[in-house]
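Structure first, commentary second.
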Protein chains: 2
Amino acid sequence: MPSATPIDDPLITTFGRLAEAYSRLEQWLGSAMESEAGLPHVWFEVLIRLARSEGEQLTMSSLADQIALTTSGVTRLVDRMQVAGYVERRPCPTDRRVSYAGITAAGHDVLDRAAVVHARNLRKAFGSFTPQDLTALDTALDRVREAASRLPRQP
Amino acid sequence: MPSATPIDDPLITTFGRLAEAYSRLEQWLGSAMESEAGLPHVWFEVLIRLARSEGEQLTMSSLADQIALTTSGVTRLVDRMQVAGYVERRPCPTDRRVSYAGITAAGHDVLDRAAVVHARNLRKAFGSFTPQDLTALDTALDRVREAASRLPRQP
DNA sequence: AGTCAGATATTGCGCCATCAAGCATCGATA
DNA sequence: TATCGATGCTTGATGGCGCAATATCTGACT
């Protein structure tokens, strides 16, 4: 008789696939970016999100939300990136509690360089994918992302 | 004129989607498992992989490989789980360098309980997915996972 | 048998993220 | 205007993970 344990639930396996796929990609791409562009992958995530935002800046809170870190973690992350000269803190004129993290010229430079190597590595990783595969992956991921963002907050 | 910067490369966006989808799911499911089953998500990953393995055990190295950690991290992770009574170390009879991590009866108990709540939460998260959506996601993820495991090692 | 390169697991150290607490500020309400 | 809960960010303490070095062991080659 087959085991009736819930550890064989197909959804668990699906999520396991997602975890493994992401972890492996992240490790490979992350170490490649570190060695080829001298930029930790988190820094790249910060910079690209700042570059794509209105005014090329984001509040600490929304940045924390976008890169899935606590505001505490973002405070110190931005500290380090500020020392490196890639971002700067800008006060908010209408609310003295908030401070924006904005990308600097040096940040733009390193971001562009890193994006080139990142795109090249991604093409290496997804080399076996046809355009149809990629769009299928995109839509599937978008559905997951949407479902995930609908989830209630941790409290 | 449109910006010619490589930061708008569609592959970068795809990977960003993957990162965001995974991070959000992982955070939500992880904190839920922690609060509802008293089990950190990494512990669950370890236990389910041990339970599914030949002899319900795995060498430290292959375990490290499966959960995307260094052997160093696995050493201490298994330390903690051993103190909790969920796993045990077993010497290898044919090679005295390797030690197996094996799941205990207590580990099985907590794994089964956690799997129930995990499956329930997964069903909550993927509630809007049709069976077709799920199989599409599965095949797409499997292709990514396969591509990722083909990547050369970090050296 | 003797030697040595490679493999396996563990340990010391430092970095980085979370958690909890604290501080300053805002908006609403009396 | 005065008060008070909520919000945004920062800081101190704690814990976990990776990197590099170490110890032990294996397998192959001489």
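Lettering of chains follows the sequences in order, A, B, ..., and the numbering in each one begins at 1. Given the structure is predicted, the values throughout are model-derived calculations rather than measurements.
Here the CG-OG1 distance, from B:L69 to B:T75, works out to 10.5 Å after rounding to the nearest 0.5 Å. For the atom pair CE (A:M81) and OG1 (A:T104), the distance works out to 8.5 Å, reported to the nearest 0.5 Å. Put simply, CD on A:E45 and CG on A:L50 are 11.0 Å apart, with the number rounded to the nearest 0.5 Å.
Comparing atom distances between the A:S72 side chain and each of C:dT11, C:dA20, D:dC17 picks out C:dA20 as nearest. Comparing atom distances between the A:T75 side chain and each of C:dT10, D:dT11, D:dG18 picks out D:dT11 as nearest. In the set C:dT10, D:dT10, D:dC25, the nucleotide with an atom closest to the side chain of B:R97 is D:dC25. The side chain of B:R76 has C:dT11 as its nearest neighbour among C:dT11, D:dT10, C:dA9.
Using cut-offs of 30° and 60° for the angle between ring planes, the A:H41 and A:H118 rings count as tilted.
Rounding to whole angstrom units, CG of residue B:D79 and P of C:dG12 are separated by 12 Å. Residue B:L69 contributes atom CG, which lies 14 Å from atom P of C:dT10 at whole-angstrom precision. The nearest whole Å value for the distance from the CG atom in A:L63 to the C1' atom in D:dG8 is 14 Å. Rounded to an integer number of Å, the gap from CH2 of A:W28 to P of D:dG18 is 19 Å.
At a cut-off of 3.5 Å, with distance as the only test, a side-chain donor of B:S72 or B:R76 sits close to an acceptor on the other residue. For the 3.5 Å distance criterion, the side chains of B:D142 and B:T139 fail to qualify, holding no donor opposite an acceptor.
At the heavy-atom level, A:T71 lies under 4.0 Å from base atoms of the strands shown. B:L77 comes within 4.0 angstrom of no nucleic acid atom, judged by non-hydrogen atoms across all strands.
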Pairs under 3.5 Å (N/O, protein and nucleotides 14-16 of chain D):
none

Query raised in the report: Can you check side chain to side chain contact (heavy atoms under 4.5 Å, CB included) on A:V46 and A:Y86, steps first, answer last?
Result: CA-CA 10 Å; A:V46 169; A:Y86 296 153; over 6 Å; no
Report task. Show the numbers, then the answer: is there a salt bridge (charged side-chain N to carboxylate O under 4.0 Å, His left out) between A:R89 and A:D79? Result -> CA-CA 9 Å; A:R89 280 182 166 83; A:D79 282 346; 3.0 Å; yes
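Within the 4.5 Å cutoff, no side-chain heavy atoms of B:D138 are placed close to those of A:T13.
DNA chain D lies under 4.0 Å from at least one heavy atom of each of the following residues of residues 81-96 of chain B: B:D95, B:R96.
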